[in-house]
Structure formats: C-alpha cells, structure tokens
Colleague: 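Below are the structure tokens for one structure; questions will follow.
Side chains included, hydrogens not; waters and symmetry mates left out as well; all remaining heavy atoms used. On a predicted model such as this, the values are computed, not experimentally measured, just so you know. The first residue in the sequence is number 1, and the count goes up from there.
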Amino acid sequence: MDHSSPPTTQAAVTAVRALADAYGRTVTVVDDIGADRTSRRTSAPLFTAVDADGSLPHEAFVELAGSPAVSIRLFPEGDTLVTVEGVEFHDLPREAVPAFLRSVLGGLAHVKGRFFPPGYRLVVPLPGDRTYTEAVTGVALTPWLSRAFRD
C-alpha cells in the first residue's frame, strides 16, 4: 500500500478509496469542481468557474459506510474536516488524511476519559509522534466510542 502524501484533492480521494477497500468499507464521494461550486471560495468573482490564477478548485465529500461512521470533507485549500462518530477534527492537513483514516480503521484511535473536569476525548495517533485529539460532546458515547475506551 502506498503511504505517500496526496498532493491534490483527487489524489486524497483515491487514497481514501484504497484504504476503504483494504478495510472492506464502501465509499460514497460527492465532488464539487469549480469556484462557483465549492463552499469556501472568496478569490473568484461571481459566476466564474476558475480562480484568478486560472486554477480549477476541487472540493470533495467522502463518506464511509459502517462502524465507525466516518466522513471527510476535503477543501481546495489543502485542509480537511474529518468526522468520526460525530467527533469533528477541523483543519486536518490533506497529507494527514490517509494516516488518520488508517489509524481509525486499524483500531489505533481510542477514547480517553477524565475525572476532572469530566469528559471524554477521542485520540488519533499518527506515525511520527503526531496525535490529534478532540473532545467528545454529547451525553453518552456511541457503541464504537465505548468499545474504543482506554484508561
């Protein structure tokens, strides 16, 4: 399996598809191509499909079926929003998405609890001593988050 960093949105989608196939998950992809279709475009004038530099921005929303519920929104600027069981990881670099997904689907991601202040955090370790941590909001943990709980 290729562990290189995806330079474009399409390369990241291809890497996510390959990982989903490796873990037996089905993938749904919605592509928005063009400055008039992407969600966070401010550099292009109204009713134009390309940016001022002539580039054609590409944004994608990827959803993986099964447990844990994972969705990935890849933005043209190179950042992503990854949601795992309702826990949102904002501003994740595009190059970290394959390793992040490999960690979640491979069972390395886990939930940590705290006594004070009370709460839970979803911890996703990546190679190279990088770790992404986000608070788990809500009253109860989902079944997958409960199974991923570690002391």
Colleague: Is there a side-chain contact between L101 and V16 in this structure, where contact means two heavy atoms from C-beta onward sitting under 4.5 Å apart?
Modeller: yes

Colleague: Of all residues at least two apart in sequence or in a different chain, which pass the side-chain contact (heavy atoms from CB on, under 4.5 Å) check with S71?
Modeller: F61, E63, T83

Colleague: Applying ring-ring contact (aromatic ring centres under 6.0 Å, His included), which residue pairs with at least one partner in residues 76-105 are found, sequence neighbours left out?
Modeller: F89-F100

Colleague: Can you name the residues that form a side-chain hydrogen bond (donor to acceptor under 3.5 Å, both in side chains) with Q10, not counting sequence neighbours?
Modeller: none

Colleague: Nearest 0.5 angstrom please: K112 NZ to Y120 OH, how far?
Modeller: 13.5 Å

Colleague: Who passes side-chain contact (heavy atoms from CB on, under 4.5 Å) against A60, sequence neighbours left out?
Modeller: T9, V13, D31, H58, L74

Colleague: Shortest non-hydrogen contact from R94 to P98?
Modeller: O-CD, 3.8 Å

Colleague: How is the hydrophobic cluster of F116 composed, in terms of its other members, when Ile, Leu, Val, Met, Phe, Trp and Tyr link through side-chain heavy atoms under 4.5 Å apart, directly or indirectly?
Modeller: F115

Colleague: Pick out which of V62, D21, I72 makes a side-chain contact (heavy atoms from CB on, under 4.5 Å) with V27.
Modeller: V62

Colleague: Specify the closest pair of heavy atoms between T80 and F75, including all atoms of both residues, with the distance to one decimal.
Modeller: CA-CD1, 4.2 Å

Colleague: Which heavy atom in R130 sits nearest to a heavy atom in A96, and how many Å separate them?
Modeller: NH1-CB, 4.0 Å

Colleague: Quick one, R150 and V111 - any side-chain contact, counting heavy atoms below 4.5 Å?
Modeller: no

Colleague: With the side chain counted from C-beta on, respond yes when H110 and V124 share a heavy-atom pair under 4.5 Å apart, and no when they do not.
Modeller: no

Colleague: Using the rule that two of Ile, Leu, Val, Met, Phe, Trp, Tyr join whenever any of their side-chain heavy atoms come within less than 4.5 Å, decide whether V123 and L145 are in one cluster.
Modeller: no

Colleague: For residues 131-138, please give each side-chain donor-acceptor pair under 3.5 Å, one per line with the distance, not counting sequence neighbours.
Modeller:
none

Colleague: Between atom CG of L64 and atom CZ of R17, what is the distance when rounded to the nearest 0.5 Å?
Modeller: 10.0 Å

Colleague: Show the nearest heavy-atom pair for residues P76 and E59, with the distance to one decimal.
Modeller: CD-OE1, 3.8 Å

Colleague: Atom CG in L92, atom CG in L81: separation rounded to 0.5 Å?
Modeller: 9.0 Å

Colleague: What pair of heavy atoms forms the shortest contact from R147 to S67, and how long is it?
Modeller: NH2-OG, 3.6 Å

Colleague: Are L141 and L108 grouped together when hydrophobic residues (ILVMFWY) are joined by side-chain heavy atoms under 4.5 angstrom apart?
Modeller: no

